[in-house]
Structure formats: C-alpha cells, structure tokens
Amino acid sequence: DAGVIQSPRHEVTEMGQEVTLRCKPISGHDYLFWYRQTMMRGLELLIYFNNNVPIDDSGMPEDRFSAKMPNASFSTLKIQPSEPRDSAVYFCASSLARLAGLSYEQYFGPGTRLTVT
Amino acid sequence: AQSVSQHNHHVILSEAASLELGCNYSYGGTVNLFWYVQYPGQHLQLLLKYFSGDPLVKGIKGFEAEFIKSKFSFNLRKPSVQWSDTAEYFCAVNAGTGGFKTIFGAGTRLFVKA
C-alpha cells in the first residue's frame, strides 16, 4: 500500500492567494483527518471525516479555511485568502475503524509545508 | 477540554544514554494514549499505544511507555538510545469513548549524538 498521499509537498504562495492542499487516504479507510503543525501550537486537529461526512470541524481556525471530501479517496483543504500566519505543515491522516478497534490508531501522510509570504 | 503537555521541547543525548520523555494529559475519563514518532523527512508513525490492560506498553525499536493513571502520565522510555532515534516524538490522547478525536502534544525533538 502506498500509504496516505499528500500533494503538494511544498507550497509557497503570496498573501491573499487561494491555496488548495490535497490528500488521498489509504484505500478502504473510512476516517480522514486534517492537522496543522506549528512551532507555537504543536499539532492541531482541524477537521475530520467519517465516510466522507465531516464529523467535527471545531478546529478549523476561521471561515477562510474549508475542507471537502467528495469521495472516499480524495479530500481537499482550502485556504482563501491565505495569510502569513497560515504558514505551517499540514498533515492528512486516515484510519479504518474496523481494524483500529478501540485503539483509534491513525496513519499519517508526509505533510505539506505551506509558506505564505 | 483535553490537553497534552510534553515536558521538553528539545533533548540532546549521547548514544547509549537512557531516555525518558515526559507526557501528562488532562482528562478525567477513560483514555487511549499514544506515542508517535517523526523521523527526519518522514511522516508521523505510531511508536506504541495504550488502550487497556498492562500499563507498561512495549513498542517498536525498544521503546516502552508506562501509563500511571494517578499521575495522568504516559512517559516514554528507552534504556539505550541510538543515533537513529533522532526524531520528533509526539504524545497523544484520545478520550476512550470519544471516537477518533485525538489531541497531540507539542512534540519533543530528540537529537542523539553519535
């Protein structure tokens, strides 16, 4: 299995531009998570989906952030307009409830390093 | 609200030294506890986990962690570190009845000198 795939791996953009981050979960997994990692705040959960449906988006910082999961094999995280304080590493993770059982283990992608100038 | 505190942001050790990374969490109910590791240039991967049973949990690469409920702690240990253990380590907690929502600590960067 290829694992969780994220693209792009690096993104540099100017303030005010729209940014779209992409994630392909492990095939068959029914949960998908978006996290943001910064030095100041550590690893924060932004939103997660179960069977393509958003379950908890309380971590999404503001309306400039949106996430979608149109099908079981693809999700996007969009920032519009982007700001310098959005600079961070964004991770996607997936999990299969049936296999994870009570342990809720997640499998992470390599992350997208976003720099907003 | 749940929170996770990792005591050290940066740790530098020489090879063969013993390692202990502290982790405390705040949540009064049943919890699942994790340590994830991120090696340079790689993605986060699970090192070990606790969700029930023996509070002393053994993971990959000789790591272990002990869940002490009375102290709300889940410290990570390794008796003798290697240069290849250089990585960032994340403690995480999940409310046992709360599904997959998992809270991560800020991470500890470990550098092992050869």
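Labels below follow one simple rule: chain letters A, B, ... track the order of the sequence lines, proteins then strands, and each chain is numbered from 1. These numbers come from a predicted model, not from an experiment. Both backbone and side-chain heavy atoms feed into the values below; hydrogens, waters and symmetry mates do not.
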Contacting moiety of [X], where chain A heavy atoms sit under 4.5 Å:
X     : answer
B:Y50 : neither
B:Q6  : neither
B:L44 : both

Would you call A:E105 and B:K49 a salt bridge, using N to O less than 4.0 angstrom?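 Looking at A:E105 and B:K49, the cut-off is met.
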
Should B:E15 and B:K113 count as an ion pair when the cut-off is N to O under 4.0 Å?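 No, this pair does not count.
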
Answer with side chain, backbone, both or neither: which region of A:L45 has an atom nearer than 4.5 Å to a non-hydrogen atom of chain B?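 Contact with chain B: side chain only.
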
Determine whether the aromatic ring centres of residues A:F33 and B:F104 are separated by less than 6.0 angstrom.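 That pair fails the under 6.0 Å test.
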
Tell me, with the steps shown, if B:F90 and B:F34 meet ring-ring contact (aromatic ring centres under 6.0 Å, His included). CA-CA 8 Å; B:F90 295 88; B:F34 309 84; over 10 Å; no

Given the rule in the ring-ring contact (aromatic ring centres under 6.0 Å, His included) test, do A:H29 and A:Y107 qualify, once you have shown the distances and angles that lead to the verdict? CA-CA 10 Å; A:H29 279 195; A:Y107 295 83; 5.6 Å; yes

Which pairs count as disulfide (SG to SG under 2.5 Å) when at least one residue sits in residues 11-80 of chain B, sequence neighbours excluded?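 Matches after skipping sequence neighbours: B:C23-B:C91.
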
Sequence neighbours left out, what passes side chain to side chain donor-acceptor pair (under 3.5 Å) with A:Q106? Give chain and number order.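 Testing A:Q106 for side chain to side chain donor-acceptor pair (under 3.5 Å), a comparison that skips the adjacent residues, returns A:Y35, B:T102.
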
Proximity of residues 82-91 of chain A to chain B, residues having a non-hydrogen atom under 4.5 angstrom: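 Hits under 4.5 Å: A:F91.
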
For chain A, which residues from residues 53-62 of chain B have at least one heavy atom closer than 4.5 Å to it?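 The stretch does not come within 4.5 Å of chain A.
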
